[in-house]
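Everything below concerns the one structure shown next.
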Amino acid sequence: MSFEEVQRLLHLMNVEMDQEYAFSLFQTADISQSGTLEGEEFVQFYKALTKRNEVQELFENFSADGQKLTLLEFVDFLQEEQKEKDYAPDLALELINCHEPSDSGKLRHVLSMDGFLSYLCSKDGDIFNPACLPIYQDMTQPLSHYFINSSHNTYLVRDQLCGQSSVEGYIRCSGVEKRALKRGCRCVEVDVWDGPSGEPVVYHGHTLTSRILFKDVVATVAEYAFQTSDYPLILSLENHCSWEQQQTLAQHLTEILGEQLLSTPLDGLLPTQLPSPEQLRGKILVKGKKLETLEQDVEDEDEEEEPECDLEQQQGSELEPELQESFLQSKDKKKVVKCPPFCPPICCQIMTQGPIPDPGGLLLLPMQKLKPILCPALSALVVYLKSVPFHSFSHSKENYHFYEISSFSESKARNLIKEAGNEFVQHNTWQLSRVYPSGLRTDSSNYNPQELWNAGCQMVAMNMQTAGLEMDICDGLFRQNGVCGYVLKPDFLRDVQSSFHPERPISPYKAQTLLVQVISGQQLPKVNNTKEKSIVDPLVKVEIFGIHADTARQETNYVENNGFNPYWGQTLSFRVLVPELATLRFVVKDYDWKSRNEFIGQFTLPWTCMKQGYRHIHLLSRDGISLHPASIFVYISIREELEIES
């Protein structure tokens, strides 16, 4: 390579280097003085180019001779800077054996500069605590004690109006798109409607979205449900089908899912709280409307009774809230009517036509046009996740059971947090809540899930087909615990007597101060080849999401024309009241004075999974794909404050 070719190569590598400095490196590497770099000469040039001065300086601060770190010196570094504390001696030996490239160094228990850099750039030197990568949390608590990775309109791969429906939405991880089940999602949604030839179809009702067969969706779920996580998968069934096609739904669920489907209470016993993820391992649960209570289901297993059509039960489980005050009435005011053999057609006819005499002498009157009655075969498949309308927290406490679940629009949930945040927290300790995006989000955009998690809402459904800040936060939380889709809530969100209010955290809380020294970056990718000079001007933004008082963002200055090894050396400071709920997002952007700064890469993680000390942050693309070897090098320090007032 001639010097001109080296200059072009540097440009391709996103490096804008002073010409005199680049030429001095070139001449130093050109040992043969041929005016070109060949073989080993180019290797030496690249090593000089990629030399990490900030790491070299750190290494020499702990090395007595500047050539190596002895075992004791490395232990000092791990304890003082990396905050590894008690187990540092054993860890030091393990890291030397793993990262020291020379066999003699391993035998002498020393770490060279190359080994030190290898450690810092590896998962052992990552900001994400490796102890949080496998399943490390208690998985034996009730389902209501966990945040559950949840998807909204899972079948859609684009927008809510004209987008394509596909089974790929449930499984796919191809190209740049990561889909629901393969990213650890544990609650997928199925909107099902009457289809041709008696086969129910899945699509976003009353829109131009395409249709797919329900049985194909169920077959896909059966195949991929437990490839990423063994813990229970929830099938959120939005049922809009007629009686006949509801029977088909029940048949497909039963026949295709087989033993994976949970259709009876565990051990046939009536529990007093929701079962745990561990108890439900390998099971698929149906969330939907139900005719009877769980108590009645357990009784029915012991004695077979003549089927009844309990209109009061259907009033609570099948009808929209605004229709619940007007339902079928009989002239003698009876609420439970014995079903004749032809009940289903009769009931559906009552809903749409006039009064029909009942063989028993009762006159059934429709008050207004209502939905078809729920098919018992489908109702029976709903065990622990019976959908019920929400009226108030006091109503839920007095009338509902632990196995019933209410859904909230994002705006409704936000209002409840503001008006009765502590009641919402207590409600979510014993009953599940599902929050879904506003119907106005026709572009499949997302809301920030953090503010709903702050109130303990377990199932915050996301449009997973749409990348961006909100999905970064979601993926960040569920990156821990083996990507199993379940994350144990903090203890104050699991205590039924909790006094926590997400809008007004009650004192005393131990606040923490976070110091982030953003040191340098490595091999950042280009974002716009049409930009002048096509070299990035990177800056780093650090964002914290948690309770309202903790939400903050700060950024460094930008480094001009250097995406290869930019150096910032700036310290950012944050004060956090409730670190257990905080999520950190590190995002690198390309500064542009003419327009909005362009996204380069990001990494998001929970505060509780963050390691202190000198750490590398390995960047991900907008779609969550690794941008290896792109990274930023930081120093993290956390200081606990004394008890403070909120």
Side-chain angles (χ1 to χ4, degrees), residues 135 137-150 185-189 225-226 229-237 260-290 292-299 301 316-317 379-390 393 395-408 413 423-435 452-453 455-461 478 481 484-498:
I135 293 172
Q137 294 181 331
D138 178 8
M139 303 302 290
T140 63
Q141 301 199 28
L143 285 179
S144 56
H145 287 188
Y146 297 84
F147 296 123
I148 303 173
N149 197 353
S150 304
C185 180
R186 294 290 85 192
C187 176
V188 295
E189 185 177 12
F226 303 108
S229 171
D230 291 336
Y231 289 103
L233 176 69
I234 296 168
L235 208 59
S236 182
L237 199 61
Q260 290 181 323
L261 180 65
L262 184 80
S263 55
T264 58
L266 294 175
D267 302 322
L269 301 175
L270 180 65
T272 56
Q273 62 181 12
L274 284 167
S276 70
E278 186 63 38
Q279 290 175 299
L280 295 169
R281 209 165 187 158
K283 291 297 184 182
I284 297 174
L285 284 67
V286 175
K287 177 185 99 60
K289 300 183 173 93
K290 185 175 179 66
E292 295 185 327
T293 64
L294 188 59
E295 289 81 356
Q296 289 170 311
D297 279 351
V298 173
E299 290 175 7
E301 288 185 11
S317 62
S379 168
L381 301 183
V382 177
V383 182
Y384 294 117
L385 299 168
K386 176 183 176 181
S387 297
V388 293
F390 177 81
F393 293 121
H395 177 271
S396 296
K397 190 180 295 185
E398 294 169 4
N399 297 281
Y400 287 161
H401 304 84
F402 63 86
Y403 54 81
E404 292 169 320
I405 173 173
S406 298
S407 292
F408 306 84
E423 288 183 87
F424 210 169
V425 167
Q426 293 183 356
H427 173 86
N428 287 327
T429 63
W430 66 278
Q431 194 176 60
L432 289 169
S433 293
R434 178 178 179 270
V435 184
L452 291 318
W453 293 333
C457 296
Q458 300 89 349
M459 299 158 65
V460 182
F478 291 105
N481 209 33
C484 75
Y486 288 85
V487 170
L488 189 65
K489 297 193 290 187
D491 54 3
F492 54 82
L493 294 182
R494 291 181 273 129
D495 179 6
V496 71
Q497 302 295 329
S498 175

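These numbers were taken from a predicted model, which means no experiment stands behind them.
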Using a 4.5 Å cut-off on heavy atoms from C-beta on, say whether the side chain of [Y] contacts that of [X].
X      : Y      : result
Arg434 : Ser150 : no
Leu285 : Val383 : no
Phe226 : Ile284 : yes
Val425 : Leu493 : yes
His145 : Asp138 : no
Pro265 : Tyr403 : no
Leu233 : Arg186 : yes
Lys290 : Ser379 : yes

| query | For Phe424 and Ala413, which heavy atoms make the closest approach, and how far apart are they? | reply |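 That would be CE1-O, 3.8 Å.
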| Which atoms form the tightest heavy-atom contact between Phe478 and Gly485, and what is the distance? |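 In terms of heavy atoms, the two residues are closest at CE2-O, 3.5 Å.
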Does the [X] side chain pair with the main chain of [Y], one donor and one acceptor, at a distance under 3.5 Å?
X      : Y      : value
Lys386 : His401 : no
Ser498 : Gln426 : no
Tyr486 : Pro232 : yes
Lys283 : Leu262 : no
Tyr400 : Pro389 : yes
Lys287 : Leu235 : no

Atom [atom1] of [X] and atom [atom2] of [Y]: how far apart are they, to the nearest 0.5 Å?
X      : Y      : atom1 : atom2 : answer
Thr272 : Trp430 : OG1   : CH2   : 13.0 Å
Leu280 : Ile234 : CG    : CD1   : 9.0 Å
Cys484 : Gln137 : SG    : CD    : 7.5 Å
Ser276 : Leu266 : OG    : CG    : 8.5 Å
Asn428 : Phe393 : CG    : CZ    : 7.0 Å

| query | Is there a side chain to side chain donor-acceptor pair (under 3.5 Å) between Tyr231 and Glu278 once you walk through the steps? | reply | CA-CA 7 Å; Tyr231 289 103; Glu278 186 63 38; 3.2 Å; yes
Just one of [options] clears the side chain to side chain contact (heavy atoms under 4.5 Å, CB included) bar with [X], so which one?
X      : options                        : answer
Tyr146 : Leu488, Val487, Asn481, Leu274 : Leu488
Met459 : Ser433, Ser236, Ser407, Cys187 : Cys187
Ser144 : Gln458, Gln273, His427         : Gln458

| task | Using the side chain to side chain contact (heavy atoms under 4.5 Å, CB included) rule, take Ile148 and Leu432 through it: C-alpha gap first, then chi angles, then the decisive distance, then the call. | result | CA-CA 10 Å; Ile148 303 173; Leu432 289 169; 4.3 Å; yes
